[in-house]
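Letters A, B, ... are given to chains in the order of the sequence lines, protein chains preceding strands, and every chain is numbered from 1.
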2 protein chains.
Amino acid sequence: MAEPLRAPQQDRSRATRQKLLEASVESLAQVGYAATTVAVVAARAGVSRGAAQHHFPTRADLFEAAVEYMTEVRLAEIRSHAASLPVGAGRTEAIVAMLADVYTGPLFRAALHLWVAASTEEPLRRQIVRLEAHVGRQAHRALLEVLDVSEKTPGVRETVQGILDMARGLGLADLLTDDSKRRRGIVRQWSKILDQALSG
Amino acid sequence: MAEPLRAPQQDRSRATRQKLLEASVESLAQVGYAATTVAVVAARAGVSRGAAQHHFPTRADLFEAAVEYMTEVRLAEIRSHAASLPVGAGRTEAIVAMLADVYTGPLFRAALHLWVAASTEEPLRRQIVRLEAHVGRQAHRALLEVLDVSEKTPGVRETVQGILDMARGLGLADLLTDDSKRRRGIVRQWSKILDQALSG
DNA sequence: CGGAAAACAAGCACCCTTGATTCTTTTCTG
DNA sequence: CAGAAAAGAATCAAGGGTGCTTGTTTTCCG
């Protein structure tokens, strides 16, 4: 547990901590959970093992903090992407394409590795469920907003959730091979379908 | 005397091998890739570690065979489910529900763990990509058939692929928590959408 | 035919590597 | 200088691989 908001830590210490978290996420995305050892993370962050040890007593502590960190970054990513969307004709397709991009990006990749690992490691699982619910809700809300639809309308909720699940599936497919070509076609087609479903 | 044990060694060996493969898949689904050690698999299968080592010299060999085995079983599962579908009104929803079921079942779960592990382990990755392409193609074909649509029609290909990706996403969501309630709503809604998309 | 030898299945014990954690020492900075 | 931060060495457990042994089935040759 981190101490409740004391005055900002020493700059050097804070920077080291930050570097460790970034390195963790990068490492997760690139080499997966098992290969993301404390030694690897420390090396990537350019600090010694002992330094990592100082900030995160156990490996679990490191991942706990990394999940928290990723949550923030992912929410920031969603917001920034949502802000730069075109209006008019191609908007829906731009939205779906953006969604597919987010869910094939490095952050989602790292999250995916964590999910699967967490599914069999209880303490981590609980924590991820909690934070993921948060991210999911925000994503859902943002999607409703940019699509300019209301959950009040019957079916809209499920429609939007389904699209999010599809994006997750696309991200999964992209894990093993470069799936971008196939994905483009799906995005185009499903933008049309989505438009119809939401207007009809 | 004592000759009744007509246990052709070949059969016994095959049975052991089979038990090891089944145990591998179960273990993958339940405890994940990292925790599926040869010792665990052997124990589950009710044989000694040495026996496992005899059939599969390395852990990688075990997973190699397990992937092959899973491919067969998954294809059989697809075929059997496809055979028992209702006709008439609720057919599309039954199809989508069936899809969602398959992608939240233990076989998919095991496959999911393997995918993620394979994404960072080259030899395994190559093999899974090859076999997954096969399974994916068969699933796609089966889906076209039970939906009674043709790929010749523009857009149908992408529509069907998208649904498969959504099923994958639903499977992923079900990994960390019991997602069945939310899933039911999505299945219902997306059956409607799919019907419209394929008829329009 | 009969019996040994080869082949095969399975079990058991040990070695070696890896990775996490603990402990001790050095280096900053306030 | 004192205490936090970082580095590095030492310890310990887990897991995979290898070699050896035992028991059983098949083969093959006198």
Side-chain angles (χ1 to χ4, degrees), chain A residues 2-3 6-24 27-28 30-66 113-114 117-118 120-124, chain B residues 1-24 27-28 30-66 113-114 117 120-124:
Chain A
E3 275 130 48
R6 264 278 176 91
Q9 304 266 8
Q10 315 277 5
D11 277 356
R12 188 164 68 121
S13 179
R14 230 178 58 89
T16 302
R17 189 188 153 90
Q18 181 75 4
K19 275 191 294 183
L20 282 168
L21 292 178
E22 283 165 11
S24 300
S27 176
L28 276 171
Q30 286 172 24
V31 302
Y33 183 78
T36 299
T37 68
V38 297
V40 164
V41 171
R44 267 178 191 264
V47 302
S48 75
R49 236 194 273 201
Q53 170 64 20
H54 179 72
H55 286 278
F56 308 103
T58 77
R59 186 172 179 253
D61 291 332
L62 175 60
F63 284 122
E64 191 177 317
H113 281 281
L114 271 179
T120 59
E121 266 179 50
E122 194 39 51
L124 187 57
Chain B
M1 53 138 56
E3 102 86 42
L5 270 191
R6 189 87 293 183
Q9 201 166 27
Q10 233 180 352
D11 285 357
R12 196 162 63 115
S13 177
R14 207 197 314 274
T16 302
R17 189 189 154 91
Q18 180 77 2
K19 275 192 292 184
L20 282 168
L21 292 178
E22 283 165 12
S24 299
S27 176
L28 277 171
Q30 287 173 24
V31 302
Y33 183 78
T36 298
T37 68
V38 298
V40 164
V41 171
R44 268 178 191 265
V47 303
S48 76
R49 245 183 94 204
Q53 226 68 270
H54 178 74
H55 286 278
F56 308 103
T58 78
R59 188 172 178 252
D61 290 332
L62 175 61
F63 285 122
E64 191 178 318
H113 281 282
L114 271 180
T120 58
E121 267 180 49
E122 194 40 53
L124 187 57

In chain order, what residues pass the side chain to side chain donor-acceptor pair (under 3.5 Å) check against Glu121(B), with sequence neighbours excluded?
Tyr33(B)
Salt bridge (charged side-chain N to carboxylate O under 4.0 Å, His left out) pairs touching residues 40-49 of chain B, sequence neighbours excluded, are Glu26(B)-Arg44(B)
Just the rounded figure in Å: distance from C1' of dG11(C) to NE2 of His54(B).
12 Å
Positions of residues 35-53 of chain A (non-hydrogen atom under 4.0 Å from DNA chain D), listed by number
Val47(A), Ser48(A), Gly50(A), Ala51(A)
Side chain to side chain donor-acceptor pair (under 3.5 Å) against Thr58(A), all qualifying residues, sequence neighbours excluded:
Asp61(A)
Find the distance Arg17(B):CZ to dC8(C):P and express it as a whole number of Å.
15 Å
Hits for side chain to side chain donor-acceptor pair (under 3.5 Å) against Ser27(A), two or more places apart or cross-chain, chain-then-number order -> Thr36(A)
If I take atom CG in residue Leu62(A) and atom P in nucleotide dT21(C), what distance separates them, rounded to the nearest angstrom?
10 Å
In short, Lys19(A) meets Val47(A) closest at the heavy-atom pair NZ-CG1, 4.4 Å
Could you tell me how far apart Asp61(A) (CG) and dT21(C) (P) are, to the nearest whole angstrom?
8 Å
Listed nucleotide nearest any side-chain atom of Thr58(B), set dT21(C), dA10(C), dG17(D):
dG17(D)
Please list, chain by chain and in numerical order, all residues satisfying side chain to side chain donor-acceptor pair (under 3.5 Å) with Ser24(B), sequence neighbours excluded.
none
